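Below is one structure, written out as structure tokens; comments come after it.
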Amino acid sequence: MVFPNDWEGFSPAIMGRVMDYLWHEHRIPILLSTAFILTFLRFYLRLNDAQSEQQKLVALPRALNKDEKKTTTTTTEKLDKVVVKKVSGSEGSSGDDEKKEGVKKKSAGPRRIKGDASKRVKKEGVEARKIQVLVFFSCLTGSTEKIVKQFAGAFEEALTKAKGEQTTFLPLQVLDLSEVDYDEYFISPPKTEGEEKVDYFYLILLPSFNIDSINDTFLEHLQETHHDFRIDTSPLAPILGYSVFGFGDREGWPTEEEGYCFQAKEVDKWMAKLSGRKRAYPLGMGDWKRDGKERLAEWKSGLVDVLGQIEQNGGLGEGVPGSGDPIESDDEELDDDGEVYDEGAEQNGKSKSSGDLGDLEDLGQIMAASGNTGKKSSGPIAVDFTIEGKPKRKAAVPAVIKEMVPKGSPTYNSLTKQGYAIVGSHSGVKICRWTKSALRGRGSCYKYSFYGINSHQCMETTPSLSCSNKCVFCWRHGTNPVGTNWRWVVDPPDLIFNGVKENHYKKIKMMRGVPGVRAERFAEAMRIRHCALSLVGEPIFYPHINEFLGMLHKERISSFLVCNAQHPDQLAALQHVTQLYVSIDASNKESLRRIDRPLHRDFWERFNRCLDILRERRFQQRTVFRLTLVKDFNLEDEVEGYADLVQKGLPCFVEIKGVTYCGTSTSSSAGLTMQNVPFYNEVCDFVVALEKALKKRGLNYGIAAEHAHSCCILLASDRFHKEGKWHTRIDYERFFKLLEERGPDGEFTPEEYMGPETPEWATWGRGGFDPRDQRVDRKGRPVEVS
């Protein structure tokens with residue numbers, strides 16, 4: 001095909017023919033060239049994108065800068081020029097560039113290393129970082145709390161003197177391990193309100209006890225957190241650091257091997273695992289009777305230096321290799337998976353250090369040792385390389401099962417001082433104030449108004465002093481043990497049954513010399529007719545609770561059992577009781593966490609499972625929801641939530657009671673004061689609102705009775721409303737007869753032992769005070785009942 005030399009006058013048709021010819025003759029080179037150009041362009045753009053944050057597309061400005069002279073400098077020198085140009089912000093002369101290049105040139109001599117720690121330059125306008133030091137402690141008698149508070153004051157004063165301009169140390173917070181929510185502090189650092197960022201530093205001071213105490217619960221929580229697959233390996237890694245100080249007694253435990261500060265060492269070990277080895281200062285230990293003050297002062301001084309370093313460098317630094325390793329606290333007897341190393345596995349040869357590795361000489365020794373047996377080897381020698389060369393662990397010491405409340409322990413002394421009689425190692429009995437009041441004819445408790453129980457014939461006891469909650473309104477002064485599972489010695493039920501009766505009668509006999517005690521009621525009180533299993537702790541927690549109930553019922557003692565809705569398996573296995581209570585202290589998960597402070601992590605799931613069990617057994621057990629109202633905790637705006645829970649569990653009765661303030665420092669530290677106790681009219685308003693919310697849901701509940709003196713009101717299901725009258729009382733003789741006929745697991749309904757109608761003076765609007773008795777004020781003066 002001939003192409004004319006002059007392209008002018010070419011028609012579009014001719015041009016199309018030319019393009020068609022070029023495409024058919026040269027399409028393969030065109031496609032390959034196009035693909036190569038596009039690939040190169042894509043690679044070039046991606047390369048420039050990766051370097052854009054650091055060099056701001058250095059190559060592209062260089063290619064487009066037509067004024068720049070081509071020189072024979074190396075690529076490194078060209079790059080330096082461009083960087084200097086960008087810093088200067090202008091096209092300086094070549095002489096200025098050379099001066100700036102001179103500043104960038106490195107010295108030809110050896111590099112100089114400065115020994116002092118580099119200080120971070122504070123930028124203007126940048127807010128100083130905030131560090132919150134949290135001081136945790138545990139105690140039984142109060143002496144440790146006093147020491148810790150003195151330490152906190154001195155430590156805060158030392159920090160104030162040592163702090164720099166870049167850091168603000170917030171006021172120290174001293175927290176009792178028996179009061180705090182472990183999930184809030186030891187699964188992740190506390191959440192700060194708003195956008196303000198706060199860094200946390202943990203200090204833990206605790207004595208070691210050879211009896212059951214809050215330390216055991218705390219250690220169990222740390223261990224469970226470490227082994228919980230749902231939680232990160234080091235959930236406390238965001239904290240700045242931690243340190244532990246232990247108080248010990250060298251008279252009882254002279255050496256560490258014999259148990260000196262053993263619980264502090266365990267806490268240090270588990271904190272190292274949970275924090276990602278952020279041990280800021282070594283474990284401190286001291287005997288307060290000897291060198292405790294000096295050791296604590298040294299520990300405090302070291303911590304001030306550490307926080308000063310954090311203030312300068314922003315962290316603890318890398319430290320020595322292995323620093324903070326949890327094995328430094330104590331050479332664990334067991335690995336994480338529970339494997340025990342046999343001490344006799346290596347009879348011959350010297351033990352190796354922890355850093356040695358098995359080598360050829362080791363294999364030779366193993367072969368020589370195997371040859372001394374006199375038997376020929378039938379196969380290759382089995383060598384466990386996972387443990388060979390590692391230090392041999394000591395044989396595991398069998399765990400000693402402790403008593404829950406051993407005689408003479410601080411817990412035992414505290415409870416007995418409060419009026420408890422400890423039976424065995426985990427049970428207790430105490431005279432209720434209403435029992436004393438009824439003996440003197442000054443009124444009975446709400447259980448008489450609602451259910452017909454004589455208070456002077458009622459025994460208040462528990463087969464388990466331990467509980468799974470740490471309720472803010474607990475009026476047992478927070479001295480009883482806590483735990484999520486039974487880990488103590490188990491006393492037989494007959495020992496408990498005989499012990500609580502004996503001690504109850506002893507306490508009744510002590511009332512015979514009290515002025516005003518009525519002779520006929522004192523005689524009646526020597527025959528127990530009712531047992532309230534609600535004294536303290538969690539009665540259903542006792543492994544032999546059904547056997548204990550059987551002994552009560554055999555002697556025709558009725559049973560009112562109260563549980564905290566945290567043990568659904570035990571609740572499902574429970575046999576017949578006269579009346580079954582479940583404490584419903586909040587209407588939602590967050591409120592329940594604030595009020596009950598449960599130890600179980602799945603407390604809300606357990607709570608709902610218990611409500612499901614009550615719904616299933618509502619025609620087998622006489623069930624009651626007990627609502628304890630605490631102002632500013634669960635009284636305001638929770639009526640609808642409570643109504644939903646009643647709809648879920650469908651109990652026979654709902655008791656609504658205002659909280660009773662025990663007036664102790666323990667309650668104050670838990671955030672409870674007298675201001676949290678609602679007035680009776682506030683409780684009445686709540687009950688009226690709850691009744692309306694239930695009727696709105698189609699649930700037939702009504703206000704059946706009240707006891708104003710106890711600040712308590714009863715809502716009842718219409719199952720107990722017959723012929724226009726409420727029948728909230730119980731026919732106890734009928735109950736025992738049904739129990740004998742059909743057995744503890746027999747099928748009979750609450751309606752079958754429903755008692756006579758509720759007396760008129762106990763119904764809603766009548767006050768509920770027994771007209772047989774005389775109401776008095778605090779000084780014993782008669783009060784007219786309106």
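What you see is a predicted model; the values in this text were computed from it and never measured.
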For Ile214 and Ser178 the tightest heavy-atom approach is CG1-CA, 3.8 Å

inquiry  = I'd like to check Phe548 versus Leu533 (side-chain heavy atoms, cut-off strictly below 4.5 Å). Are they in contact?
reply    = yes

| Stepwise, does the ring-ring contact (aromatic ring centres under 6.0 Å, His included) test hold for Tyr185 with Tyr200? | CA-CA 10 Å; Tyr185 293 95; Tyr200 289 92; 8.0 Å; no

- Should the pair Phe607 and Trp604 be assigned to parallel (<30°), tilted (30 to 60°) or perpendicular (>60°) ring geometry? parallel

I want to know whether His576 and Phe735 have ring centres closer than 6.0 Å. no

Electrostatic pair Asp181-Lys470, nearest N-O below 4.0 angstrom:
no

Residues passing the salt bridge (charged side-chain N to carboxylate O under 4.0 Å, His left out) test with Arg606, sequence neighbours excluded, are Asp602

Any chance you could lay out the salt bridge (Lys or Arg N to Asp or Glu O under 4.0 Å) test for Arg742 and Glu747, step after step, and finish with the verdict?
CA-CA 7 Å; Arg742 306 180 191 180; Glu747 293 289 334; over 6 Å; no

One thing to verify: whether Arg766 and Glu760 come together as a salt bridge, which I'm taking to mean a side-chain N less than 4.0 angstrom from a carboxylate O. yes

Measure the shortest side-chain to side-chain distance between Pro678 and Val659 over non-hydrogen atoms and say whether it is less than 4.5 angstrom.
-> yes

Correct closest heavy-atom pair for Arg609 and Asp569 would be NH2-OD1, 2.9 Å

Q) Salt bridge or not for Arg597 and Glu179, using N-O below 4.0 Å? A) yes

- Query: Is Lys149 atom NZ crowded by more than 12 heavy atoms from other residues, nucleotides or ligands, each under 6.0 Å away?
  - Reply: no

Of all heavy-atom pairs linking Ser275 and Ser234, the shortest is C-CB, 4.3 Å

Between Thr484 and Leu599, the two heavy atoms sitting closest are CG2-CB, 3.5 Å

- [ ] May I ask you to check whether Trp434 and His709 place their ring centers less than 6.0 Å from one another?
- [x] yes

*Go through Glu640 and Lys696 one step at a time and tell me if the salt bridge (Lys or Arg N to Asp or Glu O under 4.0 Å) criterion holds.*
CA-CA 10 Å; Glu640 295 296 328; Lys696 185 174 64 175; 3.3 Å; yes

Would His567 and His600 satisfy ring-ring contact (aromatic ring centres under 6.0 Å, His included), going step by step from the backbone distance to the final call?
CA-CA 10 Å; His567 299 276; His600 290 285; 5.6 Å; yes

Checklist entry - Hey, would you say the Phe625 and Phe653 ring centroids sit under 6.0 Å apart? => result no

Report yes if the distance between the aromatic ring centroids of His426 and Trp486 is under 6.0 Å, otherwise no. yes

Item to complete: Measure the shortest side-chain to side-chain distance between Ile703 and Ile713 over non-hydrogen atoms and say whether it is less than 4.5 angstrom.
Response: yes

Which of Phe218, Phe201, Tyr242, Phe186 passes ring-ring contact (aromatic ring centres under 6.0 Å, His included) with Phe136? Answer is Phe186

Hits for salt bridge (charged side-chain N to carboxylate O under 4.0 Å, His left out) against Asp731, two or more places apart or cross-chain, chain-then-number order -> none

Those residues at least two apart in sequence (or on a different chain) that pass salt bridge (charged side-chain N to carboxylate O under 4.0 Å, His left out) with Asp632 are none

Closest non-hydrogen atoms of Asn564 and Cys467, given as atom of the first, atom of the second and distance, are ND2-SG, 3.3 Å

- [ ] Verify whether the ring centers belonging to Tyr732 and Tyr753 lie closer than 6.0 Å.
- [x] no

- Flag, side chain of Arg622 to backbone of Val577, donor-acceptor distance under 3.5 Å: no

*4.5 Å side-chain heavy-atom contact, Leu549 and Leu574*: yes

Residues Asp585, Arg626: salt bridge by 4.0 Å N-O rule | no

Suppose we call two aromatic rings close when their centres sit under 6.0 Å apart. Are His727 and Phe720 close by that rule? no

For Ile187 and His221 the tightest heavy-atom approach is CG1-NE2, 4.2 Å

Legend entry - Lys197/Asp199 salt bridge by N-O under 4.0 Å criterion: yes

Can the ring centres of Phe450 and His707 be said to be less than 6.0 Å apart?
no

**Prompt:** Would you say the side chain of Leu614 lies within less than 4.5 Å of the side chain of Pro651, judging by non-hydrogen atoms?
**Reply:** no

Side chains of Cys712 and Ile656 in contact at under 4.5 Å (non-hydrogen atoms):
no

Exercise. Salt bridge between Arg487 and Glu220, side-chain N to carboxylate O under 4.0 Å?
Worked result: yes

Q. With no hydrogens and no angle check, is any side-chain donor or acceptor of Arg697 less than 3.5 Å from a backbone partner on Ala693?
A. yes

- Query: With a 4.5 Å heavy-atom cut-off, do Leu561 and Gln579 have their side chains touching?
  - Reply: no

